[in-house]
Asks: 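Before I ask anything, here is the structure I am working with.
Every chain is numbered from 1, with letters handed out A, B, ... down the list of sequences.
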Number of protein chains: 2
Amino acid sequence: MELYRERGFDQTTAAEIAARAGVNERTFFRHFPDKREVLFDGEGDLRAALTQAVIDAPDGLEPFEVLLCAFRESGRNLEDNRAFSQPRWEVIAVTPALRERELAKHAWLTDAVAVALRRRGLGHGLAGLAARTGWAAFQHAVQAWIDDPSQSLDAHLLRAFGDLRALATTALPAK
Amino acid sequence: MELYRERGFDQTTAAEIAARAGVNERTFFRHFPDKREVLFDGEGDLRAALTQAVIDAPDGLEPFEVLLCAFRESGRNLEDNRAFSQPRWEVIAVTPALRERELAKHAWLTDAVAVALRRRGLGHGLAGLAARTGWAAFQHAVQAWIDDPSQSLDAHLLRAFGDLRALATTALPAK
DNA sequence: CGCGTCGCGTCAGCGACTGACACCACGTTG
DNA sequence: CAACGTGGTGTCAGTCGCTGACGCGACGCG
């Protein structure tokens, strides 16, 4: 992270990272499958947390309510760890190769959400659809929050899911 | 495509592609920014077509109806060119690096859809949300179609958007 | 004929990775 | 205590994606 922020991702070589960490370059590649993965280490935990949050959501909720509930919980972690994740986002945002990897991780997390929804008894197809579209709304909220941090992520999330419901049911004023 | 299908993407070197094409390796990289981009050449056209389809959709439709309309039109092209795109999908499906690139292209197309929706007068935030979630439903339908080609893509599309509406409005039976 | 320029080939080089091998600090077992 | 396996490391050589710089020939134009 230090090096990526100082020189940018593309201008940082794996050898430099290894040197800064006090290990050999070969050792670096034994711990990370590639240079990008360094920034996506916690995603495994996030996946587990997300899965658990979906499973632990109260009974009797409809699918989108379950997702909203789970995302709000994840959102709380996001807001708390913002000091941690903000520099990471800044690096990713300016580096196409990293944005690609992030999208791949999102797909991976979406799969986990779909599996968790199925475990709640939702039908196979519906679980996938709900996970995909719900995740899209989640990402929209996160983006809106980054663009406008004056409102809480939670507020953005509630608005996104509210807007989604409105979009799916009735016509909306062009505003 | 020939080489990617014969040996797989990872086992194919840029030099081999260039040789098969009868040009120098350096020349290959003058036409394509990287090895993966070979498989994503038509995306520019698709982006334009998608944008146009959104803009050309009838007036008076609500956002998701506009998207459904545009996606159905794109879907028709997909079904027609299936012989072309099927081998491409097979290569992409088994190659993580290519799946990453594809997701990046999807984000790029989603942006185009959002812009087109705004051009129709939809509010800034809503356009982004509708584009993201609508695209998610589209991709879900495409995936369902690949998994079950016995039904038309169009049918899968209609079902996906119908299910999405149902998900967003009321609780659904666990099926 | 002379002139730009445009596409290409050639070459040298960087950096991300990878496989193979040796080393060394351990805990285990005889 | 010695032999042994084991897991993390350094070293080296090599492949491959990709890039910059240079030179060449083909082409259009005055």
Asks: Taking side-chain contact (heavy atoms from CB on, under 4.5 Å) as the definition, give me every residue that meets it alongside Val94(A), ordered by chain and number, with sequence neighbours left out.
Replies: none
Asks: Name all pairs fulfilling the ring-ring contact (aromatic ring centres under 6.0 Å, His included) condition that reach into residues 74-122 of chain A, sequence neighbours left out, sorted by first residue then second.
Replies: His106(A)-Trp135(A)
Asks: Looking at residues at least two apart in the chain, or sitting in another chain, which of them share a side chain to side chain donor-acceptor pair (under 3.5 Å) with Arg88(B)?
Replies: none
Asks: Looking at residues at least two apart in the chain, or sitting in another chain, which of them share a side chain to side chain donor-acceptor pair (under 3.5 Å) with Asp34(B)?
Replies: Arg101(B)
Asks: List in numerical order all residues of residues 90-103 of chain B for which some heavy atom is under 4.0 Å away from an atom belonging to DNA chain C.
Replies: none
Asks: Which parts of residues 15-31 of chain B get close to DNA chain C, meaning a heavy atom less than 4.0 angstrom away?
Replies: Val23(B), Asn24(B), Arg26(B), Thr27(B), Arg30(B), His31(B)
Asks: Could you tell me which residues satisfy side-chain contact (heavy atoms from CB on, under 4.5 Å) with Glu65(A), sequence neighbours excluded, listed by chain and number?
Replies: Leu61(A), Glu62(A)
Asks: Hey, could you give me each pair passing ring-ring contact (aromatic ring centres under 6.0 Å, His included) that has a residue in residues 30-62 of chain A? Not counting sequence neighbours.
Replies: Phe28(A)-Phe32(A)
Asks: Sequence neighbours excluded, which residues qualify as side chain to side chain donor-acceptor pair (under 3.5 Å) partners of Asp111(B)?
Replies: none
Asks: Using a strict cut-off of less than 4.0 Å between a Lys/Arg side-chain nitrogen and an Asp/Glu carboxylate oxygen, indicate whether Arg36(B) and Glu100(A) qualify as a salt bridge.
Replies: yes
Asks: Just how far, in rounded Å, is P of dG17(D) from NZ of Lys35(A)?
Replies: 17 Å
Asks: Only pairs at least two apart or in different chains count here, so list each side-chain hydrogen bond (donor to acceptor under 3.5 Å, both in side chains) that has a residue in residues 43-52 of chain B.
Replies: Gln52(B)-Asp56(B)
Asks: With heavy atoms of chain B within less than 4.0 Å as the criterion, where does contact along DNA chain C begin and end?
Replies: dC8(C) to dT10(C)
Asks: Could you tell me how far apart Asp10(B) (CG) and dC16(D) (C1') are, to the nearest whole angstrom?
Replies: 12 Å
Asks: Donor-acceptor pairs under 3.5 angstrom involving side-chain atoms of residues 67-76 of chain A: please list them, not counting sequence neighbours.
Replies:
from     : atom 1 : to        : atom 2 : distance (Å)
Arg72(A) : NE     : Asp154(A) : OD1    : 2.9
Arg72(A) : NE     : Asp154(A) : OD2    : 3.4
Arg72(A) : NH2    : Asp154(A) : OD2    : 2.7

